[in-house]
Trainee: 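I'd like to ask you about the structure that follows.
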Amino acid sequence: MDGKALAERLRGEVTREIAALGHVGLATVLVGDDPASDVYIRLKQRAATEAGIDARDIRLDASTSEDEVLALVHDLNDDAEIDGILVQLPLPSQIDETRVTYAVAPHKDVDGFHPVNAGNLYRGTPLHVPATPAGCMALLAEYGVDPKGKNAVVIGRSEIVGRPAAMLLLQAHATVTICHSRTADLAAEVRRADIVVAAVGVPGIVTADMVKPGAAVLDVGLTRTEEGIRGDVDPAVADVAGLLTPMPGGTGPMTIALLLESAVKAARYRRGLLAYPTL
Ligand code: NAP
């Protein structure tokens, strides 16, 4: 499943939508100098700018207090130029991530992490949805994989990837199993899956003997090693799977594309072109 190609197409569509809307404002907030976060922010900023988004790149010192971050978020909530807000996680230890996540106005929460957005996904009425699992669903759709009636196994239960991926698959009528570090027999669970989403961060944890022949496998996990970037899925899975995302070039580019879609959605919510229940 060529995430790079699909992401490029989606970004083209988003660029046209932004031109039609006239102005879309996105603020990204990075606290501290975590190198991985810096890379993600730069990728997001560049993609947003290329799509015609008015992208504000806010950088704060690692020693910034929680109150200062909360004050900034409140200002962005009230800022008429800003449609979407993204606070890059993780935050330095003196800042409570939950408090910051709750502070972002739900309709501007392009990451979909606010409980109002997470709750609506849980209810089956999605509003803003986390970009990585949304990208997985878009890849399945692009490659003609309808989750309805299929067994889907999601490995990982984080709020960012695993849980929302499971909810989206459930909403698409898959029979969903969520695996995690306490799962007794991961191989047995994965073997039953027609769709596998691996979001762990352990290189090669999904091996070829665990995969049902013909299954669609989405590799989300991303680990930087001395040999380069490694996914959760062992490359030999390509011989067994019907469809597989490459790493890199699969779920990563899709995450960026779906984030841009979220920014457009946020602009539509603010203009009343789409209904957001709390607006
Ligand atoms: P996370 O919060 O660390 O969650 C990892 C999950 O994997 C946890 O639920 C954990 O279980 C589970 N796990 C750990 N060891 C396991 C094992 N041996 N067997 C089964 N499950 C195990 O990470 P995350 O934020 O969800 O991210 C997951 C991976 O995706 C990371 O590598 C991250 O870099 C990558 N990522 C990629 C993209 C992309 O665009 N491709 C986007 C976001 C994240 P417990 O809950 O029991 O601890």
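This is a predicted model, so every value here is computed, not measured. Both ligands and their constituent atoms are indexed starting at 1 by order of listing.
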Trainee: Checking side chain to side chain donor-acceptor pair (under 3.5 Å) against Asn117, which of Asp109, Asp111, Thr101 comes through?
Mentor: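 Output: one option passes, namely Asp109.
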Trainee: Could you pull out every N or O of ligand 1 that sits under 3.5 Å from a protein N or O, with the distance for each pair?
Mentor:
{"residue": "ligand 1", "atom": "9 (O)", "partner": "Arg157", "partner atom": "N", "Å": "2.8"}
{"residue": "ligand 1", "atom": "11 (O)", "partner": "Ser181", "partner atom": "N", "Å": "3.2"}
{"residue": "ligand 1", "atom": "21 (N)", "partner": "His180", "partner atom": "O", "Å": "3.4"}
{"residue": "ligand 1", "atom": "21 (N)", "partner": "Ser181", "partner atom": "N", "Å": "3.4"}
{"residue": "ligand 1", "atom": "26 (O)", "partner": "Ser158", "partner atom": "OG", "Å": "2.5"}
{"residue": "ligand 1", "atom": "32 (O)", "partner": "Leu222", "partner atom": "N", "Å": "3.0"}
{"residue": "ligand 1", "atom": "32 (O)", "partner": "Leu222", "partner atom": "O", "Å": "3.2"}
{"residue": "ligand 1", "atom": "34 (O)", "partner": "Leu222", "partner atom": "O", "Å": "3.4"}
{"residue": "ligand 1", "atom": "40 (O)", "partner": "Thr255", "partner atom": "OG1", "Å": "2.8"}
{"residue": "ligand 1", "atom": "41 (N)", "partner": "Val220", "partner atom": "O", "Å": "3.2"}
{"residue": "ligand 1", "atom": "41 (N)", "partner": "Thr251", "partner atom": "OG1", "Å": "3.0"}
{"residue": "ligand 1", "atom": "46 (O)", "partner": "Arg157", "partner atom": "NE", "Å": "2.7"}
{"residue": "ligand 1", "atom": "47 (O)", "partner": "Arg157", "partner atom": "NE", "Å": "3.3"}
{"residue": "ligand 1", "atom": "47 (O)", "partner": "Arg157", "partner atom": "NH2", "Å": "2.8"}
{"residue": "ligand 1", "atom": "47 (O)", "partner": "Ser181", "partner atom": "N", "Å": "3.2"}
{"residue": "ligand 1", "atom": "47 (O)", "partner": "Ser181", "partner atom": "OG", "Å": "2.5"}

Trainee: Return each pair, listed once, that meets salt bridge (charged side-chain N to carboxylate O under 4.0 Å, His left out) where at least one residue sits in residues 171-189; pairs must be two or more places apart or across chains.
Mentor: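 Qualifying pairs: Glu189-Arg192.
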Trainee: Tell me, please, which residues at least two apart from Asp83 pass side chain to side chain donor-acceptor pair (under 3.5 Å).
Mentor: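 Per chain and number, Asp83 pairs via side chain to side chain donor-acceptor pair (under 3.5 Å) with Arg270, Arg271.
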Trainee: A quick test of your reading: do over 12 heavy atoms of other residues, nucleotides or ligands sit less than 6.0 Å from CZ of Arg46?
Mentor: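 Incorrect, the count does not exceed 12.
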Trainee: The test is side-chain contact (heavy atoms from CB on, under 4.5 Å); show your working for Thr177 and Thr183 and say whether it passes.
Mentor: CA-CA 11 Å; Thr177 303; Thr183 296; over 6 Å; no
Trainee: Got a sec, which pairs hit ring-ring contact (aromatic ring centres under 6.0 Å, His included) with one end in residues 222-279, sequence neighbours left out?
Mentor: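 Qualifying pairs, neighbours excluded: His128-Tyr269, Tyr269-Tyr276.
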